[in-house]
There are 2 protein chains.
Amino acid sequence: MPRGVPKKVDRSLASLASLRRLPLYLDVCRQAEAEGLSIISGTVIAEQLGLEPIQVRKDLSLTGILGRPRIGYALRELIQRIEFFLRWDVSHSAILIGAGRLGQALLAYRDLRRYNFNILFAFDNDSQKIGMVIEGVKVYDIALMQEMLQKNPAEIAIITTPDYVALDVASVAYNAGVRKFWNFTPRRFRLPPGVLIYTESMLTGFSVLSVRDPTA
Amino acid sequence: MPRGVPKKVDRSLASLASLRRLPLYLDVCRQAEAEGLSIISGTVIAEQLGLEPIQVRKDLSLTGILGRPRIGYALRELIQRIEFFLRWDVSHSAILIGAGRLGQALLAYRDLRRYNFNILFAFDNDSQKIGMVIEGVKVYDIALMQEMLQKNPAEIAIITTPDYVALDVASVAYNAGVRKFWNFTPRRFRLPPGVLIYTESMLTGFSVLSVRDPTA
DNA sequence: TAGATTGTTAATCGATTAACAATC
DNA sequence: TAGATTGTTAATCGATTAACAATC
C-alpha cells in the first residue's frame, strides 16, 4: 500500500466498541515503550489482549497510522495517534458533584489525570466536606456551583451524588452550560437534546457476572 | 400467538448488549410498580429509556415472558422473570479485596444489595482498616484471604486494590477456587482458562466522553 | 530471498429494525 | 368493533472476520 500518504481521521467512524478498545491498545503500547521497545506489531498487541490481529489493525487504522509490513507500527507515533484520536492530547475540564467515597476514589484515579482529565472543583452539600482539599481538588458548597461554573466553564460534570438528587444537580450544571455528563448514580435521567450522558452502572457488570458461565 | 405455552429460557442467547439493557428494563418496571401499576407495555418502557419498542420486545422475549397484544406485560411477572433471567433471584457471594475509597463505595452501593449481591468479607493490608466494619462488612488482614476463602467459598472476587497488586491478589483468590472476578483496577490481567474477568475501566467512559460530540 | 505483517476489499456473522398476522 | 400491541419471520444494517496482494 502507498506510504507517506496522510489518511483522514474521522472520529465519527469509530463504533462504541472500537472506542472502548483503543484505550486498551494505548495501555499495551505504553507498557511496551516502558520496556524499551520502539516498534510493535498488531499481532503482538492482539496476543496480549486476547483479540484477533485483524481487529486490532482495523481499529488502529482509525487513527490514520500506517504500519510497515513485516515490521509493525512505530510505537511513539502509535501512542501519539491514539491519544490524538481520543482527544487525550488536550485538556478536558470537569467538575465533580458529590465528594463522597466514590467521588474521592475518582479524584485519586491516576490514569484519568495522566490523560489530561482535569477536575477543577468538587461540590458537596456536607459542611464537613466543604473546604477540604482532596487529591489537590477543593470542595465547595454545592450552592455555589452554578455561579462558579459560569465563571469557569467545564466540559464535563461527574455525578457521584446520591441518586435522588442526580437530576437536580445535573439540571443546574446544564443551565450553567455543561453538555457532557458522567453519571455514576444508578438513576438514568434525560436532559434536552444536544447533551451527552454516559452512565456507569454497576448493575451491568453484575448482570454479566451473574449470568455468564466462566467455563463457557 | 399461542398463549400459556412456556418458552424455554436460554441465557446463552443473550448478547452482551441485551444483558446490559435488561437491568434498565428492570429499573423502569420497579418504578412503575412503585407507582401502583400492574401492567406495562414494551412501548412505554422503550419511551422511558429512549429505545425502540421492537428492541425492548425482543430483549424481553429472552426471559420467556408472554405479553398480551394491546395490553402489555404483567408487571410483577415481568420483574420476576427479568430477575430470574439475570439470576438475581438467588444470592451471589463475593469478597472485596481492597477496602479503600472505591471499595467502600461499592460496599455502600444499595442496588447491588437489593439484587442479592452479598459481600461476605473485605480484605486489606492496611492495619488501620483491618478490624473495621464498613457497611456491615468486616475488614480482615489480606494474609488471611486464602484460608478464609477455603472455609467460605465465594463466587466473585471484587478487586479494588492498587493496580500493581491486582494480579497477585487475583491469583490467590483463584487458587482458593474463585472463578469470577470483578476488576476495578486499570490493569488487565489474565488467568487460566475457565475464568470470567469483568473489568470496569474508567478510561472507556472517558474515551466516549472526550470523542463524542453531544450535538451529533 | 523467504516469510511475516500490513491495508484493503469482500464475505460472514450477529444484532437491530421492519413488516405483518394474530389478538385482546 | 377499531386500533394498539404482541411475537415471529424477514430484511437491513453494521461490525467482525477472511482473503490476499503489496511489501519490507
Side-chain angles (χ1 to χ4, degrees), chain A residues 1-22 24-25 28-29 32 37-75 77-78 81 208, chain B residues 1-22 24-25 28-29 32 37-75 77-78 81 208:
Chain A
M1 50 266 98
R3 301 209 64 254
V5 180
K7 280 196 293 185
K8 201 61 183 286
V9 167
D10 182 349
R11 293 183 178 82
S12 70
L13 253 49
S15 68
L16 199 64
S18 296
L19 232 39
R20 285 188 164 125
R21 284 189 298 266
L22 282 167
L24 306 184
Y25 304 151
V28 170
C29 289
L37 300 180
S38 65
I39 277 176
I40 195 167
S41 76
T43 316
V44 166
I45 297 176
E47 207 169 293
Q48 294 203 23
L49 293 167
L51 302 174
E52 294 301 317
I54 172 66
Q55 187 169 55
V56 174
R57 272 182 280 152
K58 196 79 174 217
D59 285 338
L60 292 184
S61 77
L62 285 166
T63 70
I65 198 166
L66 283 174
R68 299 196 172 189
R70 172 79 234 265
I71 308 293
Y73 304 91
L75 251 181
E77 184 194 354
L78 183 51
R81 282 190 182 264
V208 175
Chain B
M1 50 268 90
R3 302 208 64 257
V5 180
K7 280 195 292 183
K8 201 61 182 289
V9 167
D10 181 350
R11 292 182 179 85
S12 69
L13 254 49
S15 67
L16 200 64
S18 297
L19 231 39
R20 285 189 163 126
R21 285 190 297 266
L22 282 167
L24 306 183
Y25 305 151
V28 170
C29 288
L37 301 181
S38 64
I39 276 177
I40 196 165
S41 76
T43 315
V44 167
I45 297 176
E47 206 168 296
Q48 294 202 24
L49 293 169
L51 301 174
E52 294 302 317
I54 173 63
Q55 188 169 53
V56 175
R57 273 182 280 151
K58 196 79 174 220
D59 285 337
L60 293 184
S61 77
L62 284 166
T63 69
I65 197 166
L66 283 174
R68 299 197 173 190
R70 174 77 235 268
I71 308 294
Y73 304 90
L75 250 182
E77 184 194 354
L78 183 52
R81 280 189 183 264
V208 175

- If you check every side-chain atom of B:K58, which of D:dT6, D:dA10, D:dA4 has the closest atom? D:dA10
- Message: Are B:L13 and B:L62 packed together at the side-chain level, in the sense that at least one heavy-atom pair is separated by less than 4.5 angstrom?
- Response: yes
- Query: Are any non-hydrogen side-chain atoms of A:Y73 and A:L66 less than 4.5 angstrom apart?
  - Reply: no
- Note on the structure: In short, B:L75 meets B:L37 closest at the heavy-atom pair CD1-O, 3.3 Å
- Using a 4.5 Å cut-off on heavy atoms from C-beta on, say whether the side chain of B:I45 contacts that of B:L60. yes
- For B:Y25 and B:L78, what are the C-alpha separation, side-chain angles and deciding distance, and is it a side chain to side chain contact (heavy atoms under 4.5 Å, CB included)? CA-CA 9 Å; B:Y25 305 151; B:L78 183 52; over 6 Å; no
- Can you tell me the distance, in whole Å, between the CD1 atom of B:I65 and the P atom of D:dT8? 13 Å
- B:I54 has its side chain closest, among C:dT23, C:dG7, C:dA19, to C:dA19
- Task: Let me know the distance between CZ of B:R20 and P of C:dA15, rounded to the nearest Å.
- Result: 13 Å
- Item | Nucleotide C:dT17, atom P - distance to CG of B:D59 in whole Å | 10 Å
- Output all residues satisfying side-chain contact (heavy atoms from CB on, under 4.5 Å) with A:V44, sequence neighbours left out; order by chain, then residue number. A:I40, A:S41, A:Q48
- Specify the closest pair of heavy atoms between B:T63 and B:R81, including all atoms of both residues, with the distance to one decimal. O-NH1, 3.2 Å
- May I have the distance from B:E52 (atom CD) to D:dC13 (atom P), rounded to whole angstrom? 14 Å
- Message: Among C:dG3, C:dT17, C:dC24, which nucleotide has an atom closest to any side-chain atom of A:R70?
- Response: C:dG3
- What is the distance, rounded to the nearest whole Å, between atom CD of B:Q55 and atom C1' of C:dA19? 17 Å
- Item | Within residues 43-50 of chain B: residues closer than 4.0 Å to DNA chain C (heavy atoms) | none
- Sorted by number, residues from residues 10-19 of chain A placing a heavy atom under 4.0 Å from DNA chain D are A:S15, A:A17
- Note on the structure: Of C:dT5, D:dC24, D:dG7, the nucleotide closest to the side chain of B:Y73 is D:dG7
- Task: With the side chain of A:R21 defined as its heavy atoms from C-beta on, choose the nearest nucleotide among D:dC24, D:dT16, C:dT17.
- Result: D:dT16
- Where does DNA chain C pair, written as one dot-bracket string 5' to 3', with Watson-Crick or G-U pairs under 3.5 Å, ( ) inside the strand, [ ] for crossing pairs and | for another strand? ..||||||||||||||||||||||
- Query: About how many Å separate CG of B:D59 and OG of B:S18, when rounded to the nearest 0.5 Å?
  - Reply: 4.0 Å
- For B:R20, enumerate each residue passing the salt bridge (charged side-chain N to carboxylate O under 4.0 Å, His left out) test, keeping only those at least two apart in sequence or located in another chain. none
- Name all residues meeting the side-chain contact (heavy atoms from CB on, under 4.5 Å) criterion together with A:I39; count only those two or more places apart in sequence or in a different chain, and write none if there are none. A:I71
- Message: Please find the pair of heavy atoms, one from A:T43 and one from A:P53, that lie closest to each other, and give the distance.
- Response: CA-CB, 4.3 Å
- Task: Would you mind reading off the distance between A:I71 atom CD1 and C:dG3 atom P, rounded to a whole angstrom?
- Result: 16 Å
- Query: Expressed in angstrom and rounded to an integer, what is the separation of B:L78 atom CG from D:dT6 atom C1'?
  - Reply: 13 Å
- Task: Can you figure out which of C:dT23, C:dT6, C:dA4 approaches the side chain of B:P69 most closely?
- Result: C:dT23
